[in-house]
Amino acid sequence: MGRYRQVPGFVIFGAVLLLIGSSWRCSCGNSSAPLLCRREERDALLEFKQSLESNSSNGFLRSWEGEDCCVWEGLSCDRATGHVIRLEILPQVTITENDPFSYEKWESLQLSDPVVYASELSPSLLRLRYLNHLDLSGLRINGSTLIPAFIGSMKHLSYLNLSNVGFQGVVPPHLGNLTNLEVLDHQALDYYSPYDLFLADSHWISRLVALKYLDLTGVPPVNAQDLMQVLNTLPSLSHFALSRCFAPGDFSISPGLFNSSFLARLQYLDLSRNNLQGPIPTLLRNMTSIRHLDLSNNDLYGSIPIWFSDLNGLAHVDLEGNQLDSIEGGFSFFIRGKCRLRFLSLGDNLLQGEIGRNSSGICAFGLELCEEIDIPANCQTG
Ligand SMILES: *[C@@H]1O[C@H](CO)[C@@H](O)[C@H](O)[C@H]1NC(C)=O
Ligand SMILES: *[C@@H]1O[C@H](CO)[C@@H](O)[C@H](O)[C@H]1NC(C)=O
Ligand SMILES: *[C@@H]1O[C@H](CO)[C@@H](O)[C@H](O)[C@H]1NC(C)=O
Ligand SMILES: *[C@@H]1O[C@H](CO)[C@@H](O)[C@H](O)[C@H]1NC(C)=O
Ligand SMILES: *[C@@H]1O[C@H](CO)[C@@H](O)[C@H](O)[C@H]1NC(C)=O
Ligand SMILES: *[C@@H]1O[C@H](CO)[C@@H](O)[C@H](O)[C@H]1NC(C)=O
Ligand SMILES: *[C@@H]1O[C@H](CO)[C@@H](O)[C@H](O)[C@H]1NC(C)=O
Ligand SMILES: *[C@@H]1O[C@H](CO)[C@@H](O)[C@H](O)[C@H]1NC(C)=O
């Protein structure tokens, strides 16, 4: 009986809320004014919050209360519709710019003292139906560790960051349903063993036709050749990282591995720490748009090829930790025309003698190490 009486009350309450919400939206015309978030999405968020264990000393989840979820920390709503479109659980450690050790501190804290734990990812996230940006990199899963297949149903996602969440097992092919995805960041830091999380099959990635950014650091593909063939088909991919994935002999860059259109659009390539053996692969000379190249900590030997001097867009070059013994054409030729170069590391190789010049002020370096480069003064004429 009491039940029948409650219903109208609830309806009226809802209607009043709606009225307040809509008049607020229309009359003030201030685009930065708060919106009332949608009740069903707020409920979903509160359910999600319930599934998290948080260190009470941080403020992140404490802001998750009150009616307007759109002002809660880590969330953004679409201004026109009020739908939650962005959810970020970021690693929350304060970095002060003046503290020279802050980066190391941040790194160690990130690994050993994360902020938010969950035993599994709550499917309540599915009720945020318009979410297009999901960053879970501040979350640590410490229970059931498979990536839930339901993430593949969040079809509006264009950004998905699962870095260091601690998932294990096979990456589910259901992620192939995310056809709007532009960024997939899946890196697992050293804290997690590679092989904890792996790609059993890569073909689903070919359905991610909008993908521009793919980071699979520490997430080895069972069949590397298959993965690379799939990458050749992705029309927009320009950022690719696959570091720390292979044991010696597991992977090499063979002449047919990448095709010319893939190489030509690549701007960022990180294949560091993969036990790559042999000379620097000639195929890489076709990376005509490359800006960031990291082949550090492999077993590459021989000389740094002459064609490096043609890759003029390079801003970051890391070849540290190989067995390279010379630079074809010499260091000045290598660096010639690289007006964008800001970082170069050749340390821990077998390079000997004078590999650089100090006179033009190009860089400050020891015999083998050259970092934090100033813009070459005579770039145009070089
Ligand atoms: C809009 O809202 C912001 C923040 O709430 C406030 O600082 C600003 O003065 C408002 N502008 C107008 C025109 O009301
Ligand atoms: C919360 O984090 C602080 C700082 O990292 C730590 O000292 C404290 O023990 C943590 N508290 C809980 C309940 O985990
Ligand atoms: C993903 O999150 C990590 C950790 O916060 C961050 O370092 C990385 O830049 C993020 N990736 C992208 C593509 O924004
Ligand atoms: C991890 O999971 C266990 C079991 O559910 C729980 O007791 C613990 O508090 C969780 N959090 C951390 C940080 O280990
Ligand atoms: C998503 O992908 C999986 C595996 O590829 C497939 O079985 C499933 O039917 C797809 N779901 C939707 C909603 O497309
Ligand atoms: C590169 O490979 C993809 C997939 O095999 C193919 O669709 C594309 O036409 C190739 N491009 C060139 C220039 O060969
Ligand atoms: C790389 O470029 C060279 C010459 O520019 C060309 O002959 C070769 O076919 C290209 N290879 C690939 C895989 O794109
Ligand atoms: C570069 O030259 C300057 C002035 O000649 C000298 O003080 C400096 O020590 C040199 N740096 C290196 C790394 O050789």
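Throughout, numbering of the chain's residues begins at 1 and tracks the sequence. Read the numbers this way: they start at 1 and go in the same order the structure lists the ligands and their atoms. Computation of the quantities below employed the complete heavy-atom set of this structure, encompassing side-chain atoms and omitting hydrogens, waters and symmetry-equivalent molecules.
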Closest protein heavy atom to atom 4 (C) of ligand 5, given as residue, atom name and distance to 0.1 Å | His174 CD2, 3.9 Å

So Trp64 and Phe48, would you call those rings parallel, tilted or perpendicular, with 30° and 60° as cut-offs?
-> tilted

Of all heavy-atom pairs linking Lys49 and Leu61, the shortest is NZ-O, 3.5 Å

In ligand 3, which numbered atoms sit nearer than 4.0 Å to a non-hydrogen atom of Asp185?
-> 1 (C), 8 (C), 10 (C), 11 (N), 12 (C), 13 (C)

Looking at Pro173, which atoms of ligand 5 are within less than 4.0 Å of one of its heavy atoms?
-> 5 (O)

Scan the protein's non-hydrogen atoms and note whether one is under 4.0 Å from atom 7 (O) of ligand 5.
-> no

Val183 neighbourhood, listing ligand 3 atoms whose heavy-atom distance to it stays under 4.0 Å | 13 (C)

Got an N/O contact under 3.5 Å between Gln187 and ligand 3?
-> no

Is_contact(atom 14 (O) of ligand 7), protein non-hydrogen, under 4.0 Å | yes

In ligand 7, the atoms that come under 4.0 Å of a heavy atom of Leu283 are 13 (C)

Thiol sulfurs of Cys70 and Cys77 closer than 2.5 Å = yes

For Leu311, the option from Asn286, Ile290, Leu284 that meets side-chain contact (heavy atoms from CB on, under 4.5 Å) = Ile290

Under 3.5 Å, is there a donor-acceptor pair between the Ser303 and Glu328 side chains?
-> yes

Nearest-neighbour protein heavy atom for atom 9 (O) of ligand 5, which is reported as residue plus atom name and distance = Asn177 ND2, 5.0 Å

Can you check whether Asn286 has an N/O within less than 3.5 Å of an N/O in ligand 7?
-> yes

Is Arg39 salt-bridged to Glu41, going by a charged N under 4.0 Å from an acidic O?
-> no

State whether a side-chain donor-acceptor pair under 3.5 Å links Glu320 with Ser345.
-> yes

N/O of Tyr159 under 3.5 Å from N/O of ligand 3, yes or no?
-> yes

Close-contact set for ligand 3 against Tyr213 heavy atoms, below 4.0 Å | 13 (C)

Does Arg129 CZ have over 12 foreign heavy atoms under 6.0 Å away?
-> no

How long is the gap from NE2 on His203 to CG on Asn223, to the nearest 0.5 Å?
-> 7.5 Å

Tell me which protein heavy atom sits closest to atom 5 (O) of ligand 5, plus the residue, atom name and distance to 0.1 Å.
-> Arg207 NH1, 3.5 Å

Value rounded to 0.5 Å, distance of NE2 in His239 from OH in Tyr213 | 3.5 Å

Using protein heavy atoms only, decide if any is under 4.0 Å from atom 2 (O) of ligand 5.
-> yes

Contact atoms of ligand 7, heavy-atom distance to Phe258 under 4.0 Å = 13 (C)

